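To start, the structure itself, in structure tokens.
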Protein chains: 2
Amino acid sequence: MNARSVVRKRGSAPERLAGTDLLNHCNNAALRKAARRLGRLYDAALQPSGLRATQYILLAQIYDLGCPTMADLADSLIMDLSATRHSLEPLVRDRLVRLRVDEKDRRARRVTLTPAGIAKFKEAMQLWRKAQDRFERAFGSARASKLRSELSALSSEPFKEIF
Amino acid sequence: MNARSVVRKRGSAPERLAGTDLLNHCNNAALRKAARRLGRLYDAALQPSGLRATQYILLAQIYDLGCPTMADLADSLIMDLSATRHSLEPLVRDRLVRLRVDEKDRRARRVTLTPAGIAKFKEAMQLWRKAQDRFERAFGSARASKLRSELSALSSEPFKEIF
DNA sequence: CCGAGTTAATGGCATATGCCGGCATATTGT
DNA sequence: ACAATATGCCGGCATATGCCATTAACTCGG
């Protein structure tokens with residue numbers, strides 16, 4: 001009787017079908033689901049390089065910024081400083097990334113790619129492009145561009161302070 | 001020559017400004033950044049309830065589905081089965097969620113909310129709404145709706161097999 | 001130059017997420 | 001009924017992410 005009522009109650013009520021209401025309206029849930037899905041696509045594509053998608057993102061951003069401080073890097077990725085540091089650990093361990101004390105501000109750490117890091121990044125970039133292409137072929141290139149644009153807007157300035 | 005080119009080359013080269021190229025085109029990076037940003041918004045809003053945004057999503061989905069199996073739940077959230085299980089652990093520990101063996105298939109586990117879980121969910125829903133409203137007021141309600149719609153499309157069927 | 005306040009990073013803890021290998025339970029072909 | 005296979009979940013391991021408290025280093029007013 002107990003198990004039955006649990007099992008059945010929900011689906012039978014005419015008010016609402018299963019699993020189609022609550023979360024369909026949640027921006028955060030939609031974002032996370034999409035991130036998981038897409039993450040797995042990129043992760044799989046990058047596998048031959050031994051990098052995770054997140055690690056690729058870190059390398060790319062470091063490459064792009066040159067030798068940012070931890071805080072620069074974290075900010076640019078909308079990431080917590082500690083999270084950034086923790087995520088960097090495997091990369092440092094594997095000698096793809098190096099940290100060094102900033103000359104002018106001894107508190108700061110400059111993050112740089114090692115030669116191996118640069119090589120690995122360039123290797124991974126080829127794989128990344130495959131994932132990117134595969135996704136955009138399926139989703140539409142213009143559509144993806146528009147989506148990224150909206151996501152960037154969401155991640156950018158105005159929303160830093162909606163709290 | 002090697003290290004030098006890594007450290008310095010970047011900022012000075014006129015070819016490109018720092019941090020605006022590589023990742024701006026990466027769908028995955030854009031998605032992750034947005035997810036982190038929005039996640040923090042929802043996390044903060046839910047804080048009084050003691051739930052994380054992700055936990056709220058789990059409770060909501062369980063509430064919605066009734067008493068799904070682990071696999072049902074994982075699928076509906078585009079989540080790995082093990083990840084789902086692990087994420088459920090704190091909720092089970094705190095007696096918000098219960099697992100029980102399915103009668104008909106002893107391998108399967110049915111996930112249900114306890115009364116405390118239902119109460120907590122409803123409490124959290126009020127906080128969730130605040131975050132949702134706050135975000136949509138800033139981002140635009142229609143715009144958010146469109147964004148969710150694109151994200152859902154991305155998470156849904158056609159892209160399961162773009163590999 | 002000193003001390004109060006600020007800023008950058010670290011360490012510890014907790015959850016989030018995923019992969020892989022193993023185990024128990026179903027399902028199926030014969 | 002039985003062996004082979006498939007399925008659902010568990011455990012262990014590794015990374016991802018964030019918060020908090022702490023420490024080290026800089027800034028500034030006096």
Side-chain angles (χ1 to χ4, degrees), chain A residues 28-29 31-44 46-47 50-59 61 68-75 77-94 96-97 99-111, chain B residues 28-29 31-44 46-47 50-59 61 68-75 77-94 96-97 99-111:
Chain A
N28 189 43
L31 208 39
R32 274 177 179 280
K33 293 204 287 183
R36 282 192 289 257
R37 168 82 85 207
L38 205 58
R40 265 178 285 176
L41 172 69
Y42 282 75
D43 271 334
L46 286 167
Q47 184 154 356
L51 293 175
R52 309 281 181 83
T54 307
Q55 302 179 321
Y56 173 78
I57 292 174
L58 279 169
L59 294 187
Q61 192 66 15
T69 63
M70 301 275 277
D72 289 340
L73 185 58
D75 283 352
L77 292 172
I78 322 246
M79 196 181 281
D80 179 84
L81 175 60
S82 282
T84 304
R85 214 174 65 64
H86 294 319
S87 294
L88 239 31
E89 240 159 56
L91 298 173
V92 170
R93 181 199 58 202
D94 296 342
L96 301 177
V97 164
L99 302 181
R100 55 181 77 175
V101 175
D102 183 290
E103 293 298 318
K104 320 211 162 149
D105 188 340
R106 294 272 239 319
R107 293 170 302 179
R109 300 282 178 279
R110 292 281 168 183
V111 188
Chain B
N28 190 44
L31 208 39
R32 273 179 179 278
K33 293 204 289 183
R36 283 191 288 260
R37 168 81 86 206
L38 204 59
R40 267 179 283 177
L41 171 70
Y42 282 77
D43 272 335
L46 285 167
Q47 185 155 355
L51 292 175
R52 308 282 183 83
T54 306
Q55 301 178 322
Y56 173 77
I57 292 173
L58 279 169
L59 294 187
Q61 193 66 15
T69 64
M70 300 273 277
D72 290 340
L73 186 57
D75 284 353
L77 292 173
I78 321 244
M79 196 181 281
D80 179 84
L81 175 59
S82 282
T84 305
R85 216 171 58 65
H86 294 319
S87 294
L88 239 31
E89 241 159 55
L91 298 173
V92 170
R93 181 200 57 202
D94 296 342
L96 300 176
V97 163
L99 301 182
R100 57 181 76 175
V101 175
D102 183 290
E103 293 298 319
K104 320 206 162 154
D105 187 340
R106 294 275 236 323
R107 293 170 301 180
R109 299 282 177 280
R110 292 281 169 183
V111 189

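Chain naming here is simple, since letters A, B, ... match the order of the sequence lines and numbering starts at 1 in each. This is a predicted model, so every value here is computed, not measured.
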Quiz item: Which sits closer to the 5' end of DNA chain C, Q47(A) or A53(B), going by the nucleotide each is nearest to?
Solution: A53(B)
Quiz item: Is it true that a side-chain atom of R36(A) and a backbone atom of I78(B) form a donor plus acceptor pair closer than 3.5 Å?
Solution: yes
Practice problem: Can you see which heavy atom on Q55(B) is nearest to which on G50(B), and at what distance? | Solution: OE1-O, 4.0 Å
Quiz item: Side chain of M79(A): nearest nucleotide among dC9(D), dA9(C), dT17(D)?
Solution: dT17(D)
Exercise. List in chain and number order the residues that pass side-chain contact (heavy atoms from CB on, under 4.5 Å) with D105(A), two or more places apart in sequence or in another chain; answer none if no residue qualifies.
Key: D102(A), R107(A), A108(A)
Quiz item: When the nearest nucleotide of DNA chain D is assigned to R32(B) and to L99(B) on a heavy-atom basis, which residue is associated with the more 5' position?
Solution: L99(B)
Quiz prompt | L88(A) CG to dA9(C) P, straight-line distance once rounded to whole Å | solution = 11 Å
Quiz item: Between K33(A) (NZ) and dA16(C) (C1'), how many Å, whole number?
Solution: 17 Å
Quiz item: Nearest heavy-atom pair of T69(B) and R110(B): which atoms, and what distance?
Solution: CG2-CZ, 3.7 Å
Quiz item: Do any N or O atoms from the side chain of D80(A) and from the backbone of S82(A) form a donor-acceptor pair under 3.5 angstrom?
Solution: yes
Practice problem: Take the protein atom CZ of R109(B) and the nucleotide atom C1' of dC10(D), then report the distance between them rounded to whole Å. | Solution: 9 Å
Practice problem: Please report the shortest heavy-atom distance between L46(A) and L51(A), naming the atom on each side. | Solution: CB-O, 3.5 Å
Quiz item: Charged N to carboxylate O below 4.0 Å: is that the case for E89(A) and R85(A)?
Solution: yes
Exercise. Ignoring hydrogens and angles, answer whether the base of dC20(C) and the side-chain atoms of S82(B) contain a donor-acceptor pair closer than 3.5 Å.
Key: yes
Self-check item: Donor-acceptor contact present, side-chain D43(B) to main-chain A53(B), <3.5 Å
Solution: yes
Exercise. Give T84(A) one of three labels, base, sugar-phosphate or nothing, depending on what nucleic acid heavy atoms sit under 4.0 Å from its own.
Key: nothing
Practice problem: Please confirm whether any donor atom in the side chain of H86(B) sits under 3.5 Å from an acceptor in the base of dG11(D), or the reverse. | Solution: no
Exercise. Determine: side-chain N/O of R93(A) to OP1/OP2 of dT15(D), distance under 4.0 Å, yes or no.
Key: yes
Quiz item: From the list dT15(D), dA9(C), dT15(C), which nucleotide is the closest neighbour of the side chain of Q55(B)?
Solution: dT15(C)
Practice problem: Write down the distance between CG (D80(A)) and C1' (dG11(C)), rounded to a whole number of angstrom. | Solution: 13 Å
Quiz item: 5'-most contact on DNA chain D: D72(B) or D105(A), nearest heavy atom basis?
Solution: D72(B)
Quiz item: Mapping M70(A) and R52(A) to their closest nucleotides on DNA chain C, which lands nearer the 5' end?
Solution: M70(A)
Exercise. Report the distance from atom OH of Y42(B) to atom C1' of dT17(D), rounded to the nearest whole Å.
Key: 19 Å
Quiz item: Counting side-chain heavy atoms from CB outward, which of dC19(C), dT15(C), dC10(D) is closest to R40(A)?
Solution: dC19(C)
Exercise. Just compare dG8(D), dT15(D), dT17(C) and give me whichever is closest to any side-chain atom of S87(B).
Key: dT17(C)
Quiz item: Starting at CD of E89(A) and ending at C1' of dC13(D), how long is that distance when rounded to a whole Å?
Solution: 16 Å
Practice problem: Send over the distance from R36(B) CZ to dC19(D) P, rounded to a whole Å. | Solution: 12 Å
Quiz item: In B/S/- notation, 5' to 3', how is nucleotides 2-7 of chain C contacted by protein heavy atoms closer than 4.0 Å?
Solution: -----B
Quiz item: Once you round it to whole Å, what is the distance between P of dA16(C) and CG of L46(B)?
Solution: 12 Å
Quiz prompt | base_contact_polar (dG11(D) base, R85(B) side chain, donor-acceptor, <3.5 Å) | solution = yes
